[in-house]
There are 2 protein chains.
Amino acid sequence: MPGKQEQYFSKTLEKGLTILNLFGRENPSRSLTEISTLTGINKTSTYRLVNTLVQLGYLRKSITSKSLRIGPKAFSMGHECFHGFDIYQGIKPIIDKTFFEHHISIDSALIDGYKLISLYRREMPNLVSFHLPLIMDELYARAMGKIVLANLGPDDLEHYFADLAPQKLTSHTLVDIDEIRKDIRNTRKRGYSINDKEYMTGVISIGAPIMNLQTKSVVGAVSLDFPSREYSLDNIEKQYISVLLTLATEASDLITTAGIRQ
Amino acid sequence: MPGKQEQYFSKTLEKGLTILNLFGRENPSRSLTEISTLTGINKTSTYRLVNTLVQLGYLRKSITSKSLRIGPKAFSMGHECFHGFDIYQGIKPIIDKTFFEHHISIDSALIDGYKLISLYRREMPNLVSFHLPLIMDELYARAMGKIVLANLGPDDLEHYFADLAPQKLTSHTLVDIDEIRKDIRNTRKRGYSINDKEYMTGVISIGAPIMNLQTKSVVGAVSLDFPSREYSLDNIEKQYISVLLTLATEASDLITTAGIRQ
DNA sequence: CCATTAGTTACTATAATAGTAACATATATT
DNA sequence: AATATATGTTACTATTATAGTAACTAATGG
């Protein structure tokens, strides 16, 4: 018999969704064995779940290689889940307003595990148009990442550092763990984060947290991005911190009302 | 014991995904009972599945009203499923190329049941910017819909007509079933479809099928859209049919290689 | 305040899944 | 080309998860 707590939780559905989540921009194609080993679900069950997803059109299977790819149904569901997300619809006007008032590049993201999911972004043409990823890994090297880390509980933060292997993305990127820790501590004191060309050469950013004001936990972040040719860090801190913090407050209000919990 | 055919199909996963599919741009919020009645899944099972989706972050539940909405996890999965769909990535450059060469509005879609899922679209500023839906119902009134219907097998087509209730979207929309049937027959003979202001006033479109060349079945469509103020139908047919058909052929090649089956 | 509806929990028969193992098909190597 | 190796598919039950009924509790509305 199932435990009392787990009685109203479907493991099968969880597994099916785990499988679907293995596919994305970075991993458009996978094999059955790959799926089985990655998820830890035994081969027969994987076969059953994959077969279900294929029959429903969420995945499709190459007849020759048997490799699996995203299907049209997942595409359309993706469409709907993206555009049906009220937070996305809610943050759009907030960011647009600030964008048109101040003519600066703005980004926003939500936490998902130790990753940031890009929520909505507006870019000025003066910014080197960098094709930012939808899911961001390098929290230590980004304004939004730093402010999120700075607002995490101590346990969560340690867990993050436990298997962190920082990459030197630019000449300014901090890769020494102690230096990163120090930077996070400073960020926490400061209340906003600074990214001085650490993620991309020529780009300076400042970041502030999106908080659930009820649970007092961080759920995401917003950032303002500037080309270092036109703006100095001093300049940005004098002129734009209040803009950033106002934006973060508005976003936090939205999130709190919507009841997003980390 | 499960039947031999159904042994490798997970009904639970199917139900869970059916529930997730109830949410979207049009329906951002739903209640448990609503979900239960819409899906036909009994209340307890619905509760279990919804609870699972909530715990995993695909849905979130308002603490006060208990109403359910799309969660951050579904948003990020949506993101990934959308951008990880290789057909989308593949058709983008094809459509972009034609767009920049000919400066015309182009649309593409895939079949999902008796609906069309918008795949990728480029729009000229001269076109009344109509906010097209992601999932299109009115096949009878659209260029892409008509050419898809014209290429359906007789059984599928009859099934479509069986519960069709055409809406008069513009003064030009055909609503008489016999007239629509006749139009579909003409479309089939012609090889491409014509939409003469039947979906939107002021918009003329031509459509061609995206075919899986191996299975010889239709899987989607492309269309070129023109403002009727600037273009006449004669004009369009003389100038752009070859552009349309070339585009359709390129898309069909892509689809066939990718192995999309209807 | 009561009636009605919606959401949650308890319980158990039934049906679905997990897991093992055998089998088949594809891929790589000699 | 033949064998070896890996990958995918099917068969077969024990186990366990789910469906469904029903009772219960918390909201909501008149």
Side-chain angles (χ1 to χ4, degrees), chain A residues 1-20 22-23 27-71 259 261, chain B residues 1-23 27-56 58-71 214 257 259 261:
Chain A
M1 74 202 110
K4 288 221 169 172
Q5 311 290 359
E6 299 98 51
Q7 190 175 163
Y8 296 103
F9 184 89
S10 168
K11 290 181 186 176
T12 309
L13 178 52
E14 182 183 33
K15 284 173 195 165
L17 291 168
T18 303
I19 290 176
L20 207 48
L22 294 178
F23 294 83
N27 306 88
S29 171
R30 311 203 94 127
S31 75
L32 189 74
T33 332
E34 201 181 347
I35 295 170
S36 175
T37 51
L38 280 171
T39 56
I41 304 166
N42 89 78
K43 223 166 33 150
T44 307
S45 296
T46 304
Y47 180 76
R48 182 188 292 107
L49 295 167
V50 163
N51 195 46
T52 306
L53 292 171
V54 168
Q55 287 203 38
L56 296 173
Y58 291 91
L59 294 178
R60 54 187 221 279
K61 176 156 54 172
S62 158
I63 312 162
T64 50
S65 72
K66 304 292 177 93
S67 73
L68 297 150
R69 290 174 175 273
I70 291 168
R261 286 180 296 268
Chain B
M1 75 201 112
K4 291 223 169 174
Q5 312 288 0
E6 297 100 49
Q7 189 175 166
Y8 296 103
F9 184 89
S10 168
K11 289 182 186 175
T12 309
L13 177 53
E14 181 183 33
K15 283 173 195 163
L17 290 167
T18 304
I19 291 176
L20 206 48
N21 271 296
L22 293 177
F23 294 84
N27 307 88
S29 172
R30 313 205 93 126
S31 75
L32 189 75
T33 331
E34 201 181 346
I35 295 170
S36 175
T37 49
L38 281 171
T39 56
I41 304 167
N42 88 80
K43 220 166 34 147
T44 307
S45 297
T46 304
Y47 180 75
R48 182 186 293 109
L49 295 167
V50 163
N51 195 45
T52 306
L53 292 171
V54 169
Q55 289 204 37
L56 297 174
Y58 291 92
L59 294 179
R60 54 188 220 278
K61 177 156 55 171
S62 159
I63 312 163
T64 49
S65 72
K66 305 290 175 97
S67 73
L68 297 150
R69 288 172 179 275
I70 291 168
Q214 230 145 48
T257 313
R261 287 181 295 270

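Since this is a predicted model, take the numbers as computed values, not measurements. Order of the sequence lines sets the chain letters (A, B, ...), proteins ahead of strands, with each chain counted from 1.
- Across every non-hydrogen atom of T52(B) and E14(A), the tightest pair is CG2-N, 4.5 Å.
- S36(A) and K43(A) make their closest contact through OG-N, 3.7 Å (heavy atoms, listed as atom of the first residue, atom of the second, distance).
- OP1 or OP2 of dA18(C) sits under 4.0 Å from a side-chain N or O of R48(A).
- In this structure, T12(A) does not reach the dA17(D) phosphate: none of its side-chain N or O atoms is under 4.0 Å from OP1 or OP2.
- Contact check, K11(B) against dT18(D): no side-chain N or O comes under 4.0 Å of OP1 or OP2.
- One finds a side-chain N or O of K15(A) lying less than 4.0 angstrom from the OP1 or OP2 phosphate oxygen of dA18(C).
- Among the protein residues, S45(A) comes within range of the nucleic acid bases, having at least one heavy atom under 4.0 Å from a base atom.
- Atom P of nucleotide dA16(C) and atom CZ of F9(B) are separated by 11 Å, given to the nearest angstrom.
- R48(A) and Q7(B) make their closest contact through NE-O, 3.0 Å (heavy atoms, listed as atom of the first residue, atom of the second, distance).
- Put simply, CD on E14(A) is 15 Å from C1' on dT17(C), counting in whole angstrom units.
- Smallest separation of non-hydrogen atoms from F9(A) and L56(B): CZ-CD2, 4.0 Å.
- Just one residue in the list T18(B), T46(B), L49(B), I41(B) forms a side-chain contact (heavy atoms from CB on, under 4.5 Å) with I35(B), and that residue is T46(B).
- Between Y47(B) and L32(B), the shortest heavy-atom distance links the atoms CA-CD1, 3.9 Å.
- Rounded to an integer number of Å, the gap from CG of N42(B) to P of dG7(C) is 14 Å.
- Taking atom CD of residue Q7(B) and atom P of nucleotide dG19(C), one finds them 15 Å apart after rounding to whole Å.
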Practice prompt. Report, as a single string ordered 5' to 3', how protein heavy atoms within less than 4.0 Å touch nucleotides 5-10 of chain D: B base, S sugar-phosphate only, - not at all.
Written response: --SBBB
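- Rounding to whole angstrom units, CD1 of residue I41(B) and P of dG20(D) are separated by 10 Å.
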